[in-house]
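This report concerns only the one structure given below.
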Protein chains: 2
Amino acid sequence: MDTTTEAQYHLLRCGIKPSLQRIAIAEYLLGNRIHPTADDIYNALCVKMPTLSKTTVYNTMRLFADQGVVTSLMIDDKNIRFDIDTSCHAHFICCGCNKVLDIPVDESPCLNMKQIGDLRITETHLYYKGYCKTCRSKNVGVVCPESINQ
Amino acid sequence: MDTTTEAQYHLLRCGIKPSLQRIAIAEYLLGNRIHPTADDIYNALCVKMPTLSKTTVYNTMRLFADQGVVTSLMIDDKNIRFDIDTSCHAHFICCGCNKVLDIPVDESPCLNMKQIGDLRITETHLYYKGYCKTCRSKNVGVVCPESINQ
DNA sequence: TTACTAAATTATAATTATTACAAATTTAAA
DNA sequence: TTTAAATTTGTAATAATTATAATTTAGTAA
């Protein structure tokens, strides 16, 4: 089964009608596990699909998030990033190069909460901020992350 | 010691020169533990301090974050929120009313990481999204959080 | 096929949080 | 008092996202 067909089935399983644009976006997400922004997705796809509109990307990402196809990450204060891996894991963002990485998590009670007191929990996000090895070797990251990030 | 003086000392301890504006903002943060946005802070203070500029609030919040006076929360996809309690705790946001609450955390290994493989960790954020009791009783929150939040 | 309807996509404009910038004011120092 | 530095301020710019309405596409009934 090729990647396009896989993307199509992925959408069908989530109850989403697989249009050309939706398939292209899902295929991109499945093949590029870089936690892209809406802009990243648009820029990557508009080369091969010149009629694609940025509004469609935003509409589609909202649909995908609603249907549980992706998780919206708020780790980057500038953009929303999307992760098609909705399994339980944490995320790291390098304040030097802004790359976002997946971090596996051990069975941790605080990440599996469905209820805290009166509060019903629907999503849990564990974010780490810091510096990757490459950026540290370039001496990025000797100061506070907040001031570098601008 | 009154709250103004307390705010002033708080800033001095963090190596910040306590101007009138900075003291007013710190005093507000110490007295209103609601994880306000820059806009919240501005709107609350400009009544008593009519010359205050929103740019000053943003500048000051950046300074405060850099100096460790506050933590910047990215729990709300619309705004940055600020927490003057920089001790280790998690946050909950109600997708019905957008209130942000503090959640105590037990000693959890994943929250005290300083290094993961090659990555140096400088900040850890644990966010819960869901619905508070009040919003659940109003039948807000029967659907996916992403679609409500708009 | 044709006509009709609903869904999806698109372009454009609007909104809004945040930042950049430069002038004005205040504070500190000489 | 003069001068320099720091802080504050208003305005304009930026940029991510959303709203809106028109257009296109897909699906369906006659």
Side-chain angles (χ1 to χ4, degrees), chain A residues 7-8 11-12 14-26 28 35-46 48-67 69-70 72-82 98 100 146-150, chain B residues 8 11-12 14-26 28 35-46 48-67 69-70 72-82 93 98 100 146-150:
Chain A
Q8 190 173 347
L11 295 181
L12 287 169
C14 296
I16 291 175
K17 196 163 85 179
S19 71
L20 274 181
Q21 289 84 345
R22 290 169 181 174
I23 293 172
I25 293 174
Y28 175 79
H35 315 89
T37 64
D39 205 58
D40 293 335
I41 297 168
Y42 173 77
N43 288 318
L45 295 182
C46 68
K48 289 288 174 70
M49 192 179 247
T51 67
L52 182 68
S53 151
K54 203 174 271 191
T55 303
T56 300
V57 176
Y58 277 106
N59 289 344
T60 303
M61 295 324 295
R62 160 141 4 147
L63 177 71
F64 282 10
D66 285 353
Q67 296 295 115
V69 178
V70 299
S72 303
L73 305 182
M74 301 159 300
I75 196 172
D76 180 348
D77 40 343
K78 302 283 169 218
N79 312 286
I80 299 175
R81 287 162 171 277
F82 301 99
N98 277 313
V100 173
E146 308 272 351
S147 56
I148 275 271
N149 210 8
Q150 12 140 353
Chain B
Q8 188 173 349
L11 295 182
L12 286 171
C14 296
I16 291 175
K17 197 164 84 179
S19 70
L20 273 181
Q21 290 85 346
R22 291 171 181 172
I23 292 171
I25 294 174
Y28 175 78
H35 314 91
T37 65
D39 206 58
D40 292 336
I41 298 168
Y42 173 77
N43 288 318
L45 295 181
C46 68
K48 290 288 176 72
M49 193 180 248
T51 67
L52 182 67
S53 152
K54 204 175 269 191
T55 302
T56 300
V57 177
Y58 277 106
N59 289 343
T60 303
M61 295 324 293
R62 162 146 358 151
L63 176 71
F64 282 11
D66 286 353
Q67 297 294 115
V69 178
V70 298
S72 303
L73 305 182
M74 303 159 299
I75 196 172
D76 179 348
D77 40 342
K78 303 281 169 219
N79 313 285
I80 301 176
R81 287 162 171 276
F82 301 99
I93 188 166
N98 277 313
V100 173
E146 309 271 353
S147 56
I148 276 268
N149 210 7
Q150 15 139 349

Inset, instruction - Report, as a single string ordered 5' to 3', how protein heavy atoms within less than 4.0 Å touch nucleotides 22-30 of chain C: B base, S sugar-phosphate only, - not at all. - result: ---------
Legend entry - Separation of dT9(C) P from Tyr42(A) OH (nearest whole Å): 15 Å
Legend entry - Between dA17(C) (C1') and Asp76(B) (CG): distance, integer Å: 11 Å
Legend entry - Shortest non-hydrogen separation from Ile23(A) to Leu11(A) and the atoms involved: N-CD1, 3.8 Å
Inset, instruction - Using atom CG of Asp77(B) as one end and atom C1' of dA17(C) as the other, report the distance to the nearest whole Å. - result: 12 Å
Legend entry - Closest nucleotide among dA8(C), dT9(D), dT7(D) to the Ser19(B) side chain: dT7(D)
Legend entry - Flag side-chain contact, heavy atom, 4.5 Å: Lys54(A) against Asp39(A): yes
Legend entry - From Asn79(A) atom CG to Leu73(A) atom CG, the distance as rounded to the nearest 0.5 Å: 11.5 Å
Legend entry - Distance below 4.0 Å between Thr51(B) side-chain N/O and dT9(D) OP1 or OP2: yes
Legend entry - Nearest-0.5 Å distance, OH of residue Tyr42(A) to OG1 of residue Thr56(A): 9.5 Å
Inset, instruction - Write down the distance between CG (Asp40(B)) and C1' (dT18(C)), rounded to a whole number of angstrom. - result: 15 Å
Legend entry - Euclidean distance, atom CE of residue Met61(B) to atom C1' of dA17(C) [Å, nearest integer]: 15 Å
Legend entry - dT9(D) phosphate, OP1 or OP2, under 4.0 Å from Gln21(B) side-chain N/O: yes
Legend entry - Reported OG1-to-CD1 distance for the pair Thr60(A) and Ile25(A), which is rounded to 0.5 angstrom: 4.0 Å
Inset, instruction - May I have the distance from Ile23(B) (atom CD1) to dT7(D) (atom P), rounded to whole angstrom? - result: 13 Å
Inset, instruction - Start with the C-alpha gap between Asn98(B) and Lys78(B), add the side-chain angles, then the distance that decides, and say whether side-chain contact (heavy atoms from CB on, under 4.5 Å) holds. - result: CA-CA 11 Å; Asn98(B) 277 313; Lys78(B) 303 281 169 219; over 6 Å; no
Inset, instruction - Grab the CG-C1' distance between Leu63(A) and dT18(D) for me, whole Å please. - result: 16 Å
Legend entry - Base dT18(D) paired with Thr55(A) side chain (donor-acceptor, <3.5 Å): no
Legend entry - Rounded distance [0.5 Å steps], CG in Asp76(A) versus NE2 in His35(A): 12.0 Å
Report, one pair per line, the protein and nucleotides 15-17 of chain D atoms (nitrogen or oxygen only) whose separation is under 3.5 Å.
from, atom 1, to, atom 2, distance (Å)
dT17(D), OP1, Ile80(A), N, 2.9
dT17(D), OP2, Tyr58(A), OH, 2.7

Legend entry - Side chains of Pro18(B) and Leu12(B) in contact at under 4.5 Å (non-hydrogen atoms): yes
Inset, instruction - For Lys17(B), check salt bridge (charged side-chain N to carboxylate O under 4.0 Å, His left out) against everything at least two apart and list the hits. - result: none
Inset, instruction - Find the distance Met49(B):CE to dT7(D):P and express it as a whole number of Å. - result: 15 Å
